[in-house]
Amino acid sequence: MAPDEGDGPVLLRTEGRAAYLTLNRPRAINALTHEMVRTAAAALDRWEHDESVGVVVLSGAGERGLCAGGDIRAIHDDAKAGGRESVEFWRDEYRLNARVARYPKPYVALMDGIVMGGGVGVSAHGTVRVVTERSRIAMPETVIGFVPDVGGTHLLGRAPGELGTHLALTGESVGAGDALMLGLADHFVPSDRLPAFAAALASGEVGAAVRRFAEPAPGAPLAGAREWIDHCYAAGTVEEIAERLRACGEPEAKETARTLLERSPTALKVTLEAVRRARALGALEPVLEQEFRVSCAALSSPDLVEGVRARVIDKDRAPRWSPASLAEVSRAEVERHFAPLDGPGVWG
């Protein structure tokens, strides 16, 4: 066994045929920094060409989750200062997401606990994605005035019916059963069996380890809501979606309408456009390029700074969105998020 390399925010070690990559900021639920992204990318490059490595295993340190997303405090501070550090972070992060999706060796992601935003990006594009009874998976960007990224619009755009649209707009989280149904995960392994499963990958074949440790998944609550979700979210605009939700006879749909109207109006309209464009783009790489344009545009939007302030810094949960209503968000403002960049994109 090779020992962990250092005690920094990413731990790397090899044992047998497995290489283990552990996100190591447990007090921040392993939120991603630029350093972590670079370290993970360099490790994947090295392990690809190491013939002794047959599988990569991603996990998160601590008991709370794999990864709560990107370091949104840093993004908030950068946006407030009019900086460009977030742009460079996103470029490298999205390259890592694509690298995970195209990795030539099995990439096993242990999606235990909280897996949100950037955590989805480093896990849900993998070869074998394992969830547990503790998993809570979400792309909650509209809550902070942002738009799903890290390939999230690609993943949610491919979900059955309009379930992905529902999750992209509301930012709500799902458990193991729903994650499997949505195509965000592949197998269910109880959390108390994860250490043994991860250890088994060092000496055995991935498929054999999955067959040994995986169990039937719990139910998928969203499946029972599919009829009203598909009907309401098939509407052409966010305003019409909200109206259909309010008019629907399901109490859960009415509650969802209230949830939607708490989100950033600009983020909602851009998110709906982004998910629908992602479906048409098809492949992950062009979607990541689109998400990069959207993220760069959102960096100059007042809602991102305000959303992080309200949710994470002051924690008053009373954001003052600008514009404050869906009707005030112009088509030109939505289109601005998809306009070509002046500078280089994700791949230069």
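Just so it is clear, the values below take in all heavy atoms, side chains as well, and ignore hydrogens, waters and symmetry mates.
Inter-residue side-chain proximity for Asn97 and Leu288 is flagged as met; some heavy-atom pair is nearer than 4.5 Å. Using a 4.5 Å heavy-atom threshold, the side chains of Asp92 and His34 count as touching. Looking at Phe292 and Leu341, their side chains come closer than 4.5 Å, going by heavy atoms from C-beta outward. The shortest side-chain heavy-atom distance between Glu133 and Pro190 falls under the 4.5 Å cut-off. The closest side-chain heavy-atom distance from Trp47 to Tyr103 is below 4.5 Å. Looking at heavy atoms from C-beta onward, Arg309 lies in side-chain contact with Asp316 at the 4.5 angstrom threshold. Two residues are said to be in side-chain contact when any heavy atoms from C-beta on lie closer than 4.5 Å; Leu326 and Lys269 meet this criterion. Using a 4.5 Å heavy-atom cutoff, the side chains of Met181 and Asp178 are in contact.
Under the 4.5 Å side-chain heavy-atom criterion for grouping Ile, Leu, Val, Met, Phe, Trp and Tyr, Met116 is not connected to Phe146 through any hydrophobic cluster. Linking ILVMFWY side-chain heavy atoms closer than 4.5 Å, directly or via other members, places Val270 and Ile144 in two distinct hydrophobic clusters. When hydrophobic clusters are built by joining Ile, Leu, Val, Met, Phe, Trp and Tyr residues whose side-chain heavy atoms come closer than 4.5 Å, directly or via intermediates, Val143 is not grouped with Val120. Cluster membership check: Val108 does not share its hydrophobic cluster with Val10, using side-chain heavy-atom separations under 4.5 Å among Ile, Leu, Val, Met, Phe, Trp and Tyr.
A salt bridge does not link Glu35 to Arg25: none of the charged side-chain nitrogens sits closer than 4.0 Å to a carboxylate oxygen. Between Arg311 and Glu141, no side-chain nitrogen of the basic residue sits less than 4.0 Å from a carboxylate oxygen of the acidic one, so the salt-bridge criterion is not met. One finds a salt bridge joining Glu273 and Arg331 here, because a Lys/Arg side-chain nitrogen approaches an Asp/Glu carboxylate oxygen to under 4.0 Å.
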Side-chain donor-acceptor pairs under 3.5 Å in residues 245-254, sequence neighbours left out?
from: Arg246; atom 1: NH2; to: Glu243; atom 2: OE1; distance (Å): 3.0
from: Lys254; atom 1: NZ; to: Arg246; atom 2: O; distance (Å): 2.7
from: Lys254; atom 1: NZ; to: Cys248; atom 2: O; distance (Å): 3.0

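Counting all heavy atoms, side chain and backbone alike, Val150 lies closest to Gly117 at CG2-O, 3.4 Å. Nearest heavy-atom pair, Asn30 versus Met36, reported as atom, atom and distance to 0.1 Å: O-CE, 3.9 Å. Counting all heavy atoms, side chain and backbone alike, Leu284 lies closest to His125 at CD1-CE1, 3.7 Å. The nearest pair of heavy atoms linking Met111 to Ser123 is CE-OG, 3.4 Å. The minimum heavy-atom distance between Glu162 and Ile229, with the atom names listed, is O-CG2, 3.7 Å.
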(request) Would you check, one step at a time, whether the test salt bridge (charged side-chain N to carboxylate O under 4.0 Å, His left out) holds for Asp77 with Lys80? (result) CA-CA 5 Å; Asp77 294 346; Lys80 197 170 182 180; over 6 Å; no
(request) Could you walk me through whether Arg336 and Glu333 pass the salt bridge (charged side-chain N to carboxylate O under 4.0 Å, His left out) test, one step at a time? (result) CA-CA 5 Å; Arg336 179 182 76 86; Glu333 174 60 17; 3.1 Å; yes
(message) Checking Thr132 against Asp112 for the side-chain hydrogen bond (donor to acceptor under 3.5 Å, both in side chains) test, could you report, in this order, the C-alpha distance in whole Å, the side-chain angles of both residues, the deciding distance, and whether it holds?
(response) CA-CA 6 Å; Thr132 77; Asp112 184 39; 2.5 Å; yes
(request) Evaluate the criterion salt bridge (charged side-chain N to carboxylate O under 4.0 Å, His left out) for residue pair Arg244 and Glu240; output intermediate values, then yes/no. (result) CA-CA 6 Å; Arg244 288 190 184 188; Glu240 189 180 350; 3.1 Å; yes
(request) For side chain to side chain contact (heavy atoms under 4.5 Å, CB included), just list the numbers for Ile72 and His76, CA-CA rounded to whole Å, side-chain angles, deciding distance to a tenth of an Å, and then say yes or no. (result) CA-CA 6 Å; Ile72 57 175; His76 166 276; 6.0 Å; no
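The one candidate from Pro265, Ser301, Pro302 that meets the side chain to side chain contact (heavy atoms under 4.5 Å, CB included) condition with Ser322 is Pro302. Tested against Arg279 for a side chain to side chain contact (heavy atoms under 4.5 Å, CB included), the candidates Thr153, Thr165, Leu156 yield a single pass: Thr165.
Considering only residues two or more places apart in sequence or on other chains, Glu85 meets the salt bridge (charged side-chain N to carboxylate O under 4.0 Å, His left out) condition with none of them. Judged as a salt bridge (charged side-chain N to carboxylate O under 4.0 Å, His left out), and not counting sequence neighbours, the contacts of Arg211 are Glu205.
Ring orientation note: the planes of Trp90 and Tyr94 are close to parallel, at an angle under 30° on the 30°/60° scale.
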